[in-house]
Amino acid sequence: MRPSLFSYSLPELRDYFVSQGLAKFAADQVYNWIFKKYNWNLDTWSNVGAKVKNHIKEQMDISLPKIIWDGLSEDGTRKFLLQMNDKQSVESVVIPAKNNRLTLCVSTQVGCAIGCTFCHTGTMGLKRHLSINEIVGQYMAIGRWLLNETGEDVRITNIVYMGQGEPLHNFENTKNATIIFMEDQGLGLGQRKITLSTSGLVPQIEKLADFPPVNIAISLHASRDDVRTELMPINKVYDLKRLFTAIRKIPLKAHRHITYEYLLIKDLNDGQEDIEGLSRLLPKKVSKINIIPFNEYPGSNFKRPPDERVIWFQKSLLDRGLITTIRATKGQDILAACGQLKSELEQPNLWN
Ligand code: SAH
Ligand code: SF4
């Protein structure tokens with residue numbers, strides 16, 4: 001198999017070029033054409049030598065995941081289904097926000113092994129990890145699509161690892177993709193522009209000092225072990241006590257605060273005792289809570305609480321000194337939550 005250009009960090013590409021008898025500095029030029037200029041037409045790379053171009057054409061892979069479906073929501077959220085070389089597919093979502101912010105929600109696995117009971121991806125099980133180039137490729141394929149579609153220099157400004165899969169289960173590839181996203185001579189995304197969301201894999205959280213210092217979000221969803229275990233089977237192995245012991249060791253100077261995602265589900269974790277529980281559990285100065293009202297989908301028994309309940313929940317936490325936001329539900333009309341599109345496409349009866 002040819003090595004993919006999208007699997008190398010800049011220092012790695014320099015080393016690779018040297019190992020192939022090519023000029024080291026050509027790596028910087030190639031990075032610039034691809035990642036800064038989005039130019040795939042090698043013949044127009046004016047400052048790159050023929051030897052390097054031929055090597056890339058003949059011995060490397062510069063293909064990207066194929067966009068096989070895209071859907072635009074009324075609120076501007078755009079969802080993409082991307083197909084990999086082995087025909088497996090994943091979804092990515094682009095969410096516009098104010099100040100020209102454009103956030104890409106990236107997948108790190110096909111399916112997911114964690115099996116959260118509320119999550120559509122979780123019901124699929126894990127098919128496989130995505131490679132570095134398949135993770136970076138989601139950004140590049142959609143970035144190129146946006147440029148072609150709008151004819152303007154629109155760029156994706158933020159990345160959240162909140163598509164399909166558990167990013168820390170695919171630690172090395174997610175880490176290497178993150179290093180590529182952050183390369184100054186390439187996409188140049190700052191560490192504050194990238195958010196990694198995890199269901200709480202304790203051994204990998206303990207290794208976060210080895211990960212670029214991006215924002216960290218923990219999918220908490222409950223303040224008591226019995227409720228959390230009902231939602232997330234991983235809590236049987238890594239319960240709240242072990243989870244928080246690991247979280248406390250995350251080097252916070254770099255991360256500033258930890259975000260806790262709290263999926264709010266009707267009559268399950270939206271009561272007074274849950275507010276008290278969160279208030280006891282979370283260290284006030286370094287925690288932010290992001291309430292995610294459950295996004296209902298066909299076949300799920302969980303329900304979204306009424307808006308008044310969501311607002312009451314937020315206010316009660318704010319009153320207890322916890323910084324709390326409510327995640328705006330985006331792309332509901334195109335089922336833009338975790339894992340939903342793929343499953344829908346796999347059931348043609350629902351789709352037609
Ligand atoms: N596996 C990682 C990251 C991907 S899931 C994790 O679990 O953190 C990203 C977020 O989407 C998680 O917080 C998850 O709880 C949320 N999510 C999953 N299904 C959802 C649904 N039906 N409605 C709203 N949010 C959902
Ligand atoms: Fe996996 Fe995250 Fe879905 Fe849980 S919520 S099954 S960890 S993708």
Side-chain angles (χ1 to χ4, degrees), residues 77 79 90-93 95 103-130 135 138 159-171 173-174 177-178 194-202 204-205 208 214-222 227-238 243 247 258-266 268-270 288-305 310 325-344:
T77 304
K79 184 156 178 162
V90 294
E91 58 175 41
S92 317
V93 182
I95 308 149
T103 300
L104 179 69
C105 178
V106 183
S107 292
T108 54
Q109 298 178 312
V110 184
C112 182
I114 308 292
C116 303
T117 52
F118 53 80
C119 172
H120 220 167
T121 305
T123 61
M124 291 181 219
L126 177 67
K127 300 248 169 73
R128 67 172 175 84
H129 292 307
L130 292 182
I135 300 174
Q138 293 168 62
I159 290 177
V160 292
Y161 287 114
M162 295 187 190
Q164 286 176 15
E166 166 51 54
L168 291 187
H169 187 199
N170 189 8
F171 191 94
N173 290 348
T174 305
T178 305
I194 302 177
T195 302
L196 182 131
S197 171
T198 178
S199 58
L201 280 179
V202 164
Q204 282 80 354
I205 291 177
L208 276 178
V214 298
N215 303 319
I216 301 293
I218 307 279
S219 289
L220 187 62
H221 307 331
V227 181
R228 192 161 192 270
T229 301
E230 189 183 334
L231 294 171
M232 312 175 77
I234 191 175
N235 197 67
K236 276 185 242 161
V237 190
Y238 305 118
L243 178 62
I247 291 173
I258 304 276
T259 299
Y260 294 92
E261 289 160 286
Y262 193 90
L263 195 64
L264 203 62
I265 303 174
K266 185 167 185 281
L268 199 134
N269 62 359
D270 63 346
K288 258 191 188 173
I289 302 175
N290 193 12
I291 299 174
I292 315 173
F294 181 70
N295 211 354
E296 294 179 14
Y297 58 89
S300 167
N301 295 327
F302 296 118
K303 293 272 171 276
R304 180 196 168 105
V310 179
T325 52
I326 300 174
R327 184 186 295 170
T329 313
K330 295 270 185 172
Q332 238 178 346
D333 49 334
I334 52 165
L335 291 175
C338 198
Q340 297 183 357
L341 176 69
K342 180 170 191 280
S343 315
E344 209 194 5

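Numbering starts at 1 and runs along the sequence shown. Counting convention: from 1, in listed order, for ligands and their atoms alike.
Here's the thing with C112: none of its N/O atoms is less than 3.5 angstrom from an N/O atom of ligand 1. The shortest N or O to N or O distance between R327 and ligand 1 is not below 3.5 Å. Ligand 1 has no N or O atom lying under 3.5 Å from any N or O atom of Y161, backbone or side chain.
The shortest heavy-atom distance from A217 to ligand 1 is not under 4.0 Å.
In this structure, CG in N301 is found 7.0 Å from NZ in K303, a value given to the nearest 0.5 Å. Within the model, atoms CG of L263 and CZ of R304 stand 10.5 Å from one another, a figure rounded to the nearest 0.5 Å.
With a heavy-atom cut-off of 4.0 Å, I114 does not touch ligand 1 at all. The proximity of N295 to ligand 1, defined as any non-hydrogen pair under 4.0 Å, involves the side chain as well as the backbone. The backbone and the side chain of M162 each have at least one atom closer than 4.0 Å to an atom of ligand 1 (non-hydrogen atoms only).
Looking at E166 and T108, their side chains never bring a donor and an acceptor atom within 3.5 Å of each other. Q204 and T198 share no donor-acceptor pair across their side chains, judged by distance under 3.5 Å alone.
At least one side-chain heavy atom of L243 sits less than 4.5 Å from a side-chain heavy atom of L220. In this structure, F302 and L231 have side chains that are in contact, with non-hydrogen atoms separated by less than 4.5 Å. The side-chain heavy atoms of H221 and R228, taken from C-beta on, include no pair separated by under 4.5 Å. With contacts defined as side-chain heavy-atom distances shorter than 4.5 Å, the pair T259/N215 does not qualify.
For a distance bound of 2.8 Å, the N, O or S atoms of C119 include one lying that close to atom 3 (Fe) of ligand 2. Among the atoms of C112, no N, O or S atom falls under 2.8 Å of atom 4 (Fe) of ligand 2.
In terms of modelled atom types and a separation under 3.5 Å, the side chain of T174 and the main chain of N170 share a donor-acceptor contact.
Here the shortest heavy-atom pairing between H129 and H169 reads CE1-O, 3.3 Å.
Distances below 4.0 Å separate heavy atoms of S199 from the following atoms of ligand 2: 7 (S). Of all atoms in ligand 1, listed by their number and element, those nearer than 4.0 Å to a heavy atom of G165 are 1 (N), 2 (C), 3 (C), 4 (C). For ligand 2, the atoms sitting less than 4.0 Å from at least one non-hydrogen atom of G115 are 6 (S), numbered in the order shown with element in parentheses. In summary, the atoms of ligand 1 found under 4.0 Å from a heavy atom of L263, numbered by their order in the structure, are 23 (N), 24 (C), 25 (N), 26 (C). Counting the atoms of ligand 2 from 1 in the order shown, those under 4.0 Å from a heavy atom of G122 are 6 (S). For ligand 1, the atoms closer than 4.0 angstrom to any heavy atom of I292 are 13 (O), 24 (C), 25 (N). Atoms of ligand 1 found under 4.0 Å from any heavy atom of G163 (numbered from 1 in listed order, with element): 4 (C). Those atoms of ligand 1 with a heavy atom of H221 less than 4.0 angstrom away are 13 (O), 15 (O).
Between Y297 and H120, the ring planes are parallel. Angles under 30° get that label, and only those over 60° would be called perpendicular.
Between S107, C116, S300, S197, it is S197 that holds the heavy atom closest to atom 2 (C) of ligand 1.
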